[in-house]
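The model shown is predicted, which means the values in this text are computed figures rather than measured ones. Chain letters run A, B, ... following the sequence lines, proteins first and then strands; every chain starts at 1.
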There are 2 protein chains.
Amino acid sequence: MEERVKQIKQQLSAHNYKLTPQREATVRVLLENEEDHLSAEDVYLLVKEKAPEIGLATVYRTLELLSDLTIIHKLNFGDGVTRYEFRAEGAEHHHHHLICLNCGAVDEIIDDWLGPIEKRVEKEFDFQIIDHRLTFHGICHRCKDQVKDPGKLVGSKVT
Amino acid sequence: MEERVKQIKQQLSAHNYKLTPQREATVRVLLENEEDHLSAEDVYLLVKEKAPEIGLATVYRTLELLSDLTIIHKLNFGDGVTRYEFRAEGAEHHHHHLICLNCGAVDEIIDDWLGPIEKRVEKEFDFQIIDHRLTFHGICHRCKDQVKDPGKLVGSKVT
DNA sequence: TTATCATATGAGATTTGATATCAATTGAAT
DNA sequence: ATTCAATTGATATCAAATCTCATATGATAA
Ligand SMILES: [Zn+2]
Ligand SMILES: [Zn+2]
Ligand SMILES: [Zn+2]
Ligand SMILES: [Zn+2]
C-alpha cells in the first residue's frame, strides 16, 4: 500500500504534479477498493469519510489526472456513469468484464483472450489497435438459479 | 424500404403499439441512415427536416420503444451520447466495432468472431452470455499515414 | 355522427453527470 | 518574507436524458 502510494507519487512528480493531501486521499480510496469499479460519486463519498473538506470537482480532477497518466482507467458500462479502476501494471490492454444483468455484479477476465482476433483485425481491416473493450452481458453463476427467462433482461439496455 | 417500414409496423402492432406519423418519420430516418451510428440528437435533427413539429421527447420515446422491441440497438461508445442502429435481422449478438481515435470513424466487423471465447467464458466462469460488446480503439487505415505517435491518443479516453 | 377513453404527443421543467469559472489557498523557490 | 504558479472548493454552467402534464389523436361504441 505505502509502496504503491509512493510509486504513484513518483509517477506524478515525473510529470511535474504534486501528490497533494486531496490527491493522496483519493488514491488511497482507489487502492483500498481496487477490486471494485467505482464511479466518481462513489469515490467522492468514500474520500469524504477521511477528508471531509474535499470538493467534488477536485475528485473529478484527480481522477482525470490519474487517467491522463494511465495510472487508472476510465470505464463505461453504459449505465450513465464513468467508472475507474487501476490499470494492471504493464498491461498494454485492458482486461475483460462480465456484467450480470440480474444483480449488476462485475467480474473480470484478467487474461487477454483477444490476441488471435486482434491479429485478424489488423490484417483484414488494416486497423492499428491501441486498446480494446470486451464486455459480456449475461447471468452470473450466483444468479443462474433465480433467473428463469434471460431473454427478458436484454430489452433496451445500452451496450 | 416500404417493405421494412411495413415489417416494423407489424412488429409494433404485435405488441399493441401504433406506427404513428412521428414514429414512422423516426423509423424512416433510421432506415435511411442505416450505415451510420446516430445519436438521439442526430435523429431528432434529421426527423425535424421532414416533420418539423416533432418533439425531442417523442424521438427519445420512440427510440426507447424500438429498443425495447429489439428492433434497434442502443450503443455506447464512451463519448457521452447513446447511439442507435438497426439490429441485424435474426442476429443473436451484436457485431463488433472499430473506432478510430484519430478521425472518429466507426467501422464494423459484421461477423461474430467471439464464438470460441464465449464458449470459454461460459465454461470457465459459469456465466450465461446474453449479449456482448467488442470494440477496438485504434488507427483506421485512412489515418495510418498521418498519425505518428498513436500512444498519445489513448490518454484519458473512456472505454 | 357524436361521445368516450386509452394512447400518444409537445413544450418545458427537472434531473444528473461532468466540466468550467474564479477567487482564495497552498507551497515551493527565491 | 516575497513571489508566483499550481491547486483547491464553491458554485455556475453545460449537455443528455427523463419527467410532467395539458392537449391531441384515433379507434370504438352508441
Ligand atoms: Zn448476478
Ligand atoms: Zn475491471
Ligand atoms: Zn481514422
Ligand atoms: Zn454498428
Using a cut-off of 4.0 Å on non-hydrogen atoms, how would the nucleic acid contact of A/Ile54 be classed: base, sugar-phosphate, or nothing? sugar-phosphate
Select base, sugar-phosphate, or nothing to describe what A/Ser39 touches, counting heavy atoms under 4.0 Å on all strands.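 The residue A/Ser39 makes no contact with any strand.
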From the 5' end of DNA chain C to its 3' end, which nucleotides mark the outer limits of contact with chain A, defined by a 4.0 Å heavy-atom distance cut-off (strictly under)? C/dG17 to C/dT21
As a test of understanding, state which of B/Thr26, B/Leu38, B/Leu30 forms a side-chain contact (heavy atoms from CB on, under 4.5 Å) with B/Leu46.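 Answer to the side-chain contact (heavy atoms from CB on, under 4.5 Å) test with B/Leu46 among B/Thr26, B/Leu38, B/Leu30: B/Leu38.
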Do you know which of B/Glu34, B/Arg28, B/Lys9 makes side-chain contact (heavy atoms from CB on, under 4.5 Å) with B/Arg4? B/Glu34
Please determine if a side-chain N or O atom of A/Gln22 lies less than 4.0 Å away from the OP1 or OP2 oxygen of D/dG9. yes
Considering just the side-chain nitrogens and oxygens of A/Thr20, establish if one lies under 4.0 Å of OP1 or OP2 belonging to D/dT8. yes
Look up atom OG1 in B/Thr159 and atom CZ in B/Phe136, then write down how far apart they are to the nearest 0.5 Å. 13.0 Å
Interatomic distance, [X] [atom1] vs [N] [atom2] [rounded to whole Å]:
X	N	atom1	atom2	result
B/Asn76	D/dA15	CG	P	19 Å
B/Leu12	D/dA27	CG	P	14 Å
A/Tyr17	D/dA5	OH	P	16 Å
B/Tyr60	D/dA16	OH	P	7 Å
A/Arg23	D/dG9	CZ	C1'	14 Å
B/Glu41	D/dC14	CD	P	16 Å

Candidate nucleotides D/dA16, D/dC19, D/dT8, ranked by approach to the side chain of B/Ala57 - the nearest: D/dC19
Is A/His96 close to A/Asp112 at the side-chain level, that is, under 4.5 Å between some pair of heavy atoms?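 When only atoms from C-beta onward are counted, A/His96 and A/Asp112 do touch, with a gap below 4.5 Å.
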Quick one: on DNA chain D, does B/Arg83 or B/Lys18 contact a more 5' nucleotide (nearest heavy atom)?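 Nearest-nucleotide comparison on DNA chain D picks B/Arg83.
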Any donor-acceptor pair under 3.5 Å from B/Asp68 side chain to B/Leu65 backbone: no
Donor-acceptor under 3.5 Å (A/Arg133 side chain, B/Arg133 main chain): no
Please state whether the rings of B/His94 and B/His97 are parallel, tilted or perpendicular, taking 30° and 60° as the class boundaries. tilted
